[in-house]
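For reference, positions follow the sequence shown, starting with 1. One-based numbering, in listed order, for ligands and for the atoms of each.
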Amino acid sequence: MDSIVVTGGKALHGQIAIAGAKNAALALMPATLLSEDPLTLTNAPRLSDIKTMTALLQSLGVEVTSMQNGKVQVLSSHAMTSTTADYEIVRKMRASNLVLGPLLARHHQAVVSLPGGCAIGARPMDIHVTALEAMGAQIDLRDGYLHAKAPGGLKGAKVPLRFASVGATENVLMAATLAKGTTVIENAAREPEIVDLAHCLRRMGAQIEGEGTSTIIVQGVDRLGAATHPVVTDRIELGTYMLAPVFCGGEVECLGGRMDLVAAFAEKLDAAGVDVTETDKGLKVKLRGDRPRAVDVVTEPFPGFPTDLQAQMMAMLCLADGTSVLEEKIFENRFMHAPELVRMGARIDVHGGHATVHGVETLKGAPVMATDLRASVSLILAGLAAEGETVVNRVYHLDRGYEHVEDKLGAVGAQIERVSGT
Ligand code: EPZ
C-alpha cells in the first residue's frame, strides 16, 4: 500500500486545476442505462471510484470507452447482458446502488447488492426502496441483495423523501424519466451534482423541472437518446485545495472554481479570516492574518456546509486561534480523522456528533492512517502545516476521490511525495 510523505512549512503559490466532480460522474455514468444510444461524458475525473463504476457497468454489458487519458468516457448500453450488480463490486463503492433506478426504469428489473456499511456509517437504502415502491416497483431484500421488478414499467407518483438523500434523489430522478406519467420528488436533495445529472438527462430528452430546489417534477417519456455532457467541477476537491494555503501560507488560485458551488464553505472561511476572491479563471485564496480564527460548523444538506468538507475544516481549525465546535449531522461516524490529528498534536474532544477543537499554535509531523476518503486528505493538509515529516498510510482511500494529490500540491510548492508500499 502506498504512503504519502509531506514535509510541512512550505508556502504555496500558483494555480491548481480542479477536476470534474467524482460524485457527479458516479451518477452520470449509470444514466447510460436509460438509453441504447451513446452517452459521452467530458471533463471526467481520473479516479479509482470511476474505474470501479466502469467495472460495474461493464459487468452489466455496458460498453465503456475511455479517451483522452480518462477525461472523456463514452458509454453505451445497447447490448446489455445482465441486470445484477454483484456484491463483490458494490461492497467497494456504495454509489454502485445508482444502477437500481435506471435498470428498473428501462429494464423493469434489477438485482442490486446492498452496499453494506462503510467507515463513516451504516449507509442504509430505505429511502431509495420506499421511493421506488411508490412508483410501483416490487422490491424484496433476500440474501443481502435487493430483488426489484416493475412489471409493465414504473409509474409516475408523488415521492416524498423522509430525508434529502443525495443518492435516493438521483435514483428516483433517473427512474422517473421513463416512468409512465408525472413524478414529483418532495424534499429532494439540492446538491450541484443533482443539478448536473438533471442537465445531462435533459440533454438525453428527459422532461425535468425544479432541479436544485426541494421539489423536482419529471414528466416520463417513452425513450431517451444520445447526449454529450461536461461533468460539473468537483466542489469538494475545490474546497479541499482552497484550504491548502491556510495551513502553510501563500496564495493559490483554484482553476474552474465557482463560488456558487462552495458558498456556505466560503462564508465560513471568511469568518475564519480567509480571503476568497473570484477571478476570471476561478477562486483565489489566502489567509488574511498569520493564523485562522476559530469558527463553529454544522454539516447539512446543500446549500448548507457540506459533510464532505468537514474533516478538512476540522484540520484547519486545529490551528485556529480559539475553540471551535463542529457538529456532524449527516453521518453517524465521521470523526475518525480526529484521533489521527491528535497524534499530530491537535487538541480535539469528540462526544457523539460533536467535536470540540481547541486551536494550537503548531502541529508535529507523525505517521498517521487514512480511514476514509475525506479523512485522508485532511491529514495531508495538516501535514502541510506540521513541523517535520508526516507519513499518511493507506492512501488508496485518497485515490478514490483525488487525482494525483501529490502532483497538484507539489506543483504549487509543497514538499510532498508518494512512496510505493509493499
Ligand atoms: C452522497 O452519498 C455522496 N456520495 C457522499 O460523498 C456524501 O457525503 C453524501 O451524499 C452526503 O452529501 C456520492 O454522491 C457518490 P445520502 P449518499 O443518501 O447518496 C442516510 C464522498 O466522500 N440515508 O445523502 O450515500 C445515510 O445513512 C462521499 O465523496 C438513509 O438513512 O448520501 C446518511 O446518514 C461520502 N437511508 C444520510 O442519509 C437511505 O436510504 C445521507 O446519505 C439513504 C441515506
Which ligand 1 atoms does Ala95 reach within 4.0 Å, using its non-hydrogen atoms?
15 (C)
Tell me the nearest of Asp234, Leu26, Val166, Asn97 to atom 24 (O) of ligand 1, using heavy-atom distances.
Val166
Ile216 side chain near Glu186 side chain, heavy-atom distance below 4.5 Å
no
Numbered atoms and elements of ligand 1 in range of Phe163, under 4.0 angstrom, heavy atoms
37 (C), 38 (O), 41 (C)
Numbered atoms of ligand 1 (with element) below 4.0 Å of Arg162, judged on heavy atoms:
30 (C), 31 (O), 36 (N)
Identify, for atom 36 (N) of ligand 1, the protein heavy atom at the shortest distance, and state residue, atom and that distance.
Asp126 OD1, 2.8 Å
I want to check something: taking the side chain as every heavy atom from C-beta on, are Leu146 and Asp140 in contact at a cut-off of under 4.5 Å?
no
Taking all atoms of both residues into account, what is the closest heavy-atom pair of Ile185 and Thr169, and its distance?
CD1-O, 4.3 Å
Just to be sure I read this right, does ligand 1 sit under 4.0 Å from the backbone of Thr307, its side chain, both, or neither, counting only heavy atoms?
side chain
So if I apply the side chain to side chain donor-acceptor pair (under 3.5 Å) rule between Thr307 and each of Lys329, Arg334, Arg374, which one comes out positive?
Arg334
Ligand 1 contact on Leu373 by region, counting heavy-atom pairs under 4.0 Å
side chain
Side chain, backbone, both or neither: the part of Ser165 lying under 4.0 Å from ligand 1 by heavy atom:
both
Look at atom 40 (O) of ligand 1 and say which protein heavy atom is nearest, naming residue and atom and giving the distance to 0.1 Å.
Ile127 N, 2.8 Å
Does Ala168 come within less than 4.0 angstrom of ligand 1, counting non-hydrogen atoms of the residue?
no
State, with a plain yes or no, whether a side-chain heavy atom of Leu341 is found less than 4.5 Å away from one of Met314.
yes
Which of the ligand 1 atoms, numbered from 1, are nearer than 4.0 Å to a heavy atom of Gly167
18 (O), 19 (O)
Is there a nitrogen or oxygen of Asp308 sitting under 3.5 Å from a nitrogen or oxygen of ligand 1?
yes
For atom 43 (C) of ligand 1, what's the nearest protein heavy-atom neighbour? Residue, atom name and distance, please.
Pro124 O, 3.4 Å
Heavy-atom contact under 4.0 Å between Arg334 and ligand 1?
yes
Classify the side-chain pair Arg258/Thr233 by whether it contains a donor and acceptor separated by less than 3.5 Å.
no
Identity and distance of the protein heavy atom lying nearest atom 15 (C) of ligand 1
Asn23 OD1, 3.4 Å
Heavy atoms only, cut-off 4.0 Å: how does Val129 contact ligand 1, side chain, backbone, both, or neither?
neither
Regarding Asp349 and His358, is there a side-chain donor-to-acceptor distance under 3.5 Å anywhere?
yes
Among protein heavy atoms, which sits nearest to atom 33 (C) of ligand 1, and what does the distance come to when rounded to 0.1 Å?
Ile330 O, 3.4 Å
Answer yes or no: is there a side-chain heavy-atom contact under 4.5 Å between Asp399 and His404?
no
Protein contact for atom 21 (C) of ligand 1 (heavy atom, distance under 4.0 Å)
yes
Between Thr240 and Tyr402, do the side chains contain an N or O donor and an N or O acceptor separated by less than 3.5 Å?
yes
Output every pair passing side chain to side chain donor-acceptor pair (under 3.5 Å) with a member in residues 151-163, not counting sequence neighbours, ordered by first then second residue.
Asp126-Arg162
Between Leu398 and Leu373 the two heavy atoms that sit nearest each other are O-CD1, 3.8 Å
Parallel, tilted or perpendicular for Tyr145 and His147, by the 30°/60° rule?
tilted
Under 4.0 Å between heavy atoms, the region of His128 that gets near ligand 1 turns out to be both
Which is closest to atom 44 (C) of ligand 1 by heavy-atom distance: Glu170, Met125, Arg94, Lys22?
Arg94
